[in-house]
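Shown next, in C-alpha cells, is the structure this report addresses.
What's counted below: heavy atoms across the whole structure, side chains too, no hydrogens, waters or symmetry copies.
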Amino acid sequence: MAARRLPRSFFLRPTPEVARALLGQRLVHEQRIGGRVQRIAGIITETEAYCGETDLACHARAGRTKRTEPLYGPPGFTYVYFTYGNHWLLNFVTQPEGVPHAVLIRAVQPVEGLELIARRRKGRPARIWTDGPGKLAQAFGITGEHNRLSLTAPEAIIFVERGQPIQDALVRSGPRVGLGATPEPWLSKPWRYLATLPQNKEEITR
DNA sequence: ATGTTGATTGGCT
DNA sequence: GCCAATCAACATT
C-alpha cells in the first residue's frame, strides 16, 4: 500500500504551522541513477519558517529577484539555493502565489537509501549524515537542478509522505539559526521547530 | 564538550 | 566589495 503524499493544501496554512506540521513527515527523493530509480527517505526532525518580505531573516527581504523568484510562486514547490560557497539548502514554498514564504528543512532521520547516503557522506559517522540543512541536501543528492520543482505533481521526484504525527510534548521551538545581524524582532522569532525522536535526542542540544 | 576559524562561490548593493 | 538560512577541522577547557 502506497503511503499518502502531502497535498498542495498542506502548504497553504500559516508558515510556522506548516513548519511544525512537517515534523514526523517523510521526505522522499526518487532519483534516477544509471537507469534505475533510487529511493532515499528520511523523517523530518527540524524545520524553520521564513515569512515574507517583512521578515528580515527571509531572502524575500530583498524583494523579487532572480534568486527569490520561486518564493513568489505557488505553494508546494521547492526552493533550493546555494550558500557559503559550498552548500545547497532545501525549502518548501508555502502561502498563496505572490506571498514569498517558505520552510527550510534543517534535519531528517534517514530511513531509506542508507547505502547511497553513506556513499555520499563518505567517512562520516551515521549520526551526522543528515543533521544539518547542507548535510541532508548532500546526502539526498539535492542541488540547484532541484529548484522550483513541484512536490505534489504525480511525476514529482521530491515529495513528502505522511508519517507519524509528533505530539507537542516532543516538539521544541526556538529562534532560528545562523541569522547573523538580523534585527529584532525577527532574530528572536521562535520559528525553529525540533522533534525529539527516540534516536534523535542529540538534535536538541545541537 | 565547547569555542574558533577557514573554505569557497553566487547574488545582490 | 560584501556577505551568506553552513560545515568540518582544529584548538582549548
Side-chain angles (χ1 to χ4, degrees), chain A residues 11 14-20 22-23 27 42 44-73 75 77-95 99-110 117-149 151 158 172-195 200-206:
Chain A
F11 302 95
T15 305
E17 198 176 315
V18 175
R20 163 64 180 87
L22 279 168
L23 298 177
L27 170 67
I44 297 172
T45 59
E46 182 180 349
T47 58
E48 282 175 357
Y50 287 88
C51 301
E53 295 176 353
T54 59
D55 174 4
L56 296 185
C58 181
H59 287 170
R61 67 185 179 276
R64 201 163 188 147
T65 67
K66 173 153 191 177
R67 183 200 212 191
T68 61
E69 193 60 30
L71 291 171
Y72 291 83
F77 278 70
T78 60
Y79 167 50
V80 179
Y81 70 90
F82 184 72
T83 191
Y84 290 108
N86 285 301
H87 310 291
W88 295 99
L89 273 64
L90 171 67
N91 299 253
F92 299 155
V93 175
T94 62
Q95 296 286 315
V99 183
H101 292 216
V103 174
L104 170 67
I105 309 302
R106 287 194 58 86
V108 303
Q109 176 182 307
I117 290 175
R119 206 181 317 149
R120 288 176 170 154
R121 300 283 296 140
K122 202 176 174 83
R124 283 114 177 161
R127 61 183 296 114
I128 63 162
W129 277 349
T130 57
D131 66 341
K135 298 181 200 179
L136 82 84
Q138 186 192 358
F140 275 61
I142 291 168
T143 68
E145 70 188 282
H146 302 105
N147 191 23
R148 229 175 172 178
L149 297 181
L151 299 165
I158 296 173
R172 296 179 50 115
S173 62
R176 295 168 291 181
V177 178
L179 301 191
T182 300
E184 297 289 0
W186 311 110
L187 186 60
S188 298
K189 291 280 184 191
W191 286 344
R192 179 193 190 199
Y193 298 87
L194 294 109
N200 193 35
K201 295 191 172 61
E202 77 280 0
E203 297 279 356
I204 295 306
T205 49
R206 185 161 58 78

Inset, instruction - Return yes if a side-chain donor-acceptor contact under 3.5 Å exists between A:Tyr72 and A:Glu53, otherwise no. - result: yes
Can you name the atoms? Protein N/O to nucleotides 2-5 of chain C N/O, anything below 3.5 Å, with the distance.
{"residue": "C:dA5", "atom": "OP1", "partner": "A:His59", "partner atom": "NE2", "Å": "2.4"}
{"residue": "C:dA5", "atom": "N9", "partner": "A:Tyr81", "partner atom": "OH", "Å": "3.1"}
{"residue": "C:dA5", "atom": "N7", "partner": "A:Ala57", "partner atom": "O", "Å": "3.4"}
{"residue": "C:dA5", "atom": "N7", "partner": "A:His59", "partner atom": "NE2", "Å": "3.1"}
{"residue": "C:dA5", "atom": "N1", "partner": "A:Asn91", "partner atom": "OD1", "Å": "2.5"}
{"residue": "C:dA5", "atom": "N3", "partner": "A:Tyr81", "partner atom": "OH", "Å": "3.1"}

Legend entry - Consecutive-pair stems (3 or more, Watson-Crick or G-U, under 3.5 Å) for DNA chain B: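 Listed by first number, the stems are B:1-7 with C:6-12, B:9-12 with C:1-4.
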Inset, instruction - Flag the pair A:Phe77 / A:Tyr79 as yes when their ring centroid distance falls below 6.0 Å, and as no otherwise. - result: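 Centroid separation for A:Phe77 and A:Tyr79: 6.0 Å or greater.
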Inset, instruction - Take atom CH2 of A:Trp88 and atom P of C:dT6, then tell me their distance rounded to the nearest Å. - result: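 After rounding, the gap between these two atoms is 15 Å.
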Inset, instruction - Round to the nearest Å and state the distance from A:Trp129 atom CH2 to C:dA8 atom C1'. - result: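 A:Trp129 atom CH2 is separated from C:dA8 atom C1' by 18 Å.
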Inset, instruction - For DNA chain B, note the earliest and the latest nucleotide, 5' to 3', having some atom under 4.0 Å of a heavy atom belonging to chain A. - result: B:dA7 to B:dC12
Inset, instruction - Taking the six-membered ring of A:Tyr50 (Phe, Tyr or Trp), confirm whether the NZ or CZ of A:Arg176 is under 6.0 Å from its centre and within 45° of its axis. - result: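 Because its charged atom sits under 6.0 Å from the ring centre and within 45° of the axis, A:Arg176 does stack over A:Tyr50.
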Legend entry - Spatial distance of atom SG (A:Cys51) from atom CG (A:Leu56) [nearest 0.5 Å]: 12.0 Å
Inset, instruction - Measure the spacing between CZ of A:Arg67 and CG of A:Asn147 and express it to the nearest 0.5 Å. - result: 10.5 Å
Inset, instruction - Measure up the A:Phe92 and A:Phe11 rings against each other and bin them: parallel (under 30°), tilted (30 to 60°), perpendicular (over 60°). - result: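 Ring orientation of A:Phe92 relative to A:Phe11: perpendicular.
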Inset, instruction - Look at the rings of A:Phe82 and A:Trp88 and say which category their plane angle falls in: under 30° parallel, 30 to 60° tilted, over 60° perpendicular. - result: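 Tilted: the ring planes of A:Phe82 and A:Trp88 meet at 30° to 60°.
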Legend entry - Ion pair check, A:Lys135 and A:Asp131, cut-off under 4.0 Å: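 Counted as a salt bridge, because a side-chain N and a carboxylate O are separated by less than 4.0 Å.
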Inset, instruction - Using a heavy-atom cut-off of under 4.0 Å over every strand shown, decide if A:Thr182 touches base, sugar-phosphate, or nothing. - result: nothing
Legend entry - A:Leu89 and A:Val80, any side-chain heavy atoms less than 4.5 Å apart: no
Inset, instruction - With the side chain counted from C-beta on, respond yes when A:Val103 and A:Asn91 share a heavy-atom pair under 4.5 Å apart, and no when they do not. - result: no
Legend entry - Any A:Arg121 side-chain nitrogen or oxygen under 4.0 Å from OP1 or OP2 of C:dC7: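 Answer is no, no contact under 4.0 Å.
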